[in-house]
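To start, the structure under review is shown below, and the notes come after it.
Sequence lines set the chain letters: A, B, ... in the order given, protein chains first and strands last, and positions in each chain run from 1. Quantities reported herein were computed from a predicted structural model and do not represent experimental measurements.
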Number of protein chains: 2
Amino acid sequence: MREEILESGVQLFLERGFNAAAVKDITDRAGVPKGSFYNHFESKEALAEVALERYGETRRMGDLADRSVPPVERMRRHFEFLRDELPEFTKGCMYGNFGAEVVDHSEPLRKRVKGGWEYWADQLAAAVAQGQSEGTIRASLDPQQAAYYLTSAWEGTLLRARADKSAEAFEIFFAVTFDALLA
Amino acid sequence: MREEILESGVQLFLERGFNAAAVKDITDRAGVPKGSFYNHFESKEALAEVALERYGETRRMGDLADRSVPPVERMRRHFEFLRDELPEFTKGCMYGNFGAEVVDHSEPLRKRVKGGWEYWADQLAAAVAQGQSEGTIRASLDPQQAAYYLTSAWEGTLLRARADKSAEAFEIFFAVTFDALLA
DNA sequence: GCCCCCAATATGACCGGTCGTCTCAAAGAT
DNA sequence: ATCTTTGAGACGACCGGTCATATTGGGGGC
């Protein structure tokens, strides 16, 4: 039962964000009675923390460390994976959702959002650094800064895609990132 | 009275986003009775539309067209202005706030958010194009794409700054944008 | 095998609070 | 006196969390 609740929480936090995903909606989707929720999670916030961890595990960050694929290629595939996993122009990334809605009110969630972004940027930075040592990514970039910038650009791209209801934002992200910024 | 409500709306939508800025909070800050709200605005959403227009007017987009300042410099100043206008690491841009919270539920607001971003990107693109014709911005960039990317990167930077509670995100935005992407 | 007891878990109605919106009596204007 | 505007508080919906009651499972005794 706990697992069903967690799964539904992941889905709804992803589709609607924190506030618009009510505990009742989550338990309804999980097919369990609302009162049972608090036998498994101390609070909605506590569920969100676990949901965020779970979501982060599905982002396949390991792909960014796969030495059998050249760095630029694996970065490209990484972002293509993230893009292809998106529900259709609805809220696209739990980190971004919580980052926009919750970090001002929940210190535990803010720390996890921050930590998740840092981890992601570290993986990207390692790939940038390897690309530089192989001469396929421009040498003048600071890997940590470039990686940080890419996480920002990606989250912003998700916002724009949602407002535009168009995939053009992603096309532009790929074109500018791989043909201009990293090249 | 209408003006006080509008002003308070702008402030609170900026500081807290749409959902966390209650009508009561807005009227409290405006110093007017809550029941009067609907004598001046049809709904909270209607206020948000007007507040967004008002906010957009204060972003000084005209600075981006000021031919007496070189393109790169005026872009830099533009983003410096936006950064310096921020309340301390709280929600930083009404377009981004509404983009994250509301565009899935309110078509009028989605259109205004989209339109505001498009207008902003057009101004940036014109500056990029001029910089290219003067040889100060790299020629291989598509001005519209670069401008679109910058709006994304900026909005994402705001998200990261909030989660990090640090100005480092802005430092990185400036370093990568002006020393790597545009150079 | 059956019954009883107890602890753990499940459950749905309830609670108090917040929220956007509306109503209608009172106040103001003519 | 009549008409228009105002605004306090009611309204119904929604929300996270609580809790009295019901159910279940395991252990022990006969």
When rounded to the nearest 0.5 Å, the distance separating CD of B:Q123 from CE of B:M61 is 8.0 Å
A:D25 CG to D:dG16 C1', in whole Å, measures 12 Å
Spacing of B:K24 atom NZ relative to D:dC11 atom P, expressed in whole Å: 19 Å
Is it the case that D:dG17 (base atoms only) and A:K34 (side chain only) share a donor and an acceptor within less than 3.5 Å, ignoring hydrogens and angles? yes
With respect to the phosphate group of D:dG17, does any side-chain polar atom (N or O) of A:Y38 fall under 4.0 Å of OP1 or OP2? yes
How close or far is atom P of C:dT11 from atom CD of A:E4, stated in whole angstroms? 12 Å
Have a look at A:H40 and say if it touches a base, only the backbone sugar-phosphate, or nothing, with a 4.0 Å heavy-atom cut-off. sugar-phosphate
For a side-chain hydrogen bond (donor to acceptor under 3.5 Å, both in side chains) check, start with the C-alpha distance between B:R74 and B:Q130, then their side-chain angles and the critical distance, and finish with the verdict. CA-CA 11 Å; B:R74 60 186 197 252; B:Q130 193 194 343; 2.5 Å; yes
Report yes if the distance between the aromatic ring centroids of A:F170 and A:F79 is under 6.0 Å, otherwise no. no
Interatomic distance, B:R16 CZ vs C:dC19 C1' [rounded to whole Å]: 14 Å
Looking only at the side chain of A:K44 (C-beta and beyond, no hydrogens), which of the listed nucleotides D:dG17, C:dA10, D:dG7 gets closest? D:dG17
A:M1 side chain, from C-beta outward: closest of C:dG20, C:dT11, D:dG16: C:dT11
Counting only side-chain N and O atoms of B:S36, is one of them less than 4.0 Å from OP1 or OP2 of D:dG7? yes
From the candidates D:dT18, C:dT11, C:dG20, the one with an atom nearest any side-chain atom of B:A22 is C:dG20
Atom-pair distance (CZ on A:F37; C1' on C:dT9), nearest Å: 16 Å
Can you tell me how far C1' of D:dA8 sits from CG of B:D28, to the nearest Å? 13 Å
Has B:E42 got more than 12 heavy atoms of other residues, nucleotides or ligands less than 6.0 Å from its CD? no
For a quick check under 3.5 Å, do B:R16 and B:Q11 share a side-chain donor-acceptor pair by atom type? no
Could you tell me how far apart A:N19 (CG) and C:dC19 (C1') are, to the nearest whole angstrom? 13 Å
Tell me: CG of B:L47 to C1' of C:dG20, nearest whole Å? 13 Å
Is B:N39 near enough to D:dT5 that one of its side-chain N or O atoms lies under 4.0 angstrom from OP1 or OP2? no
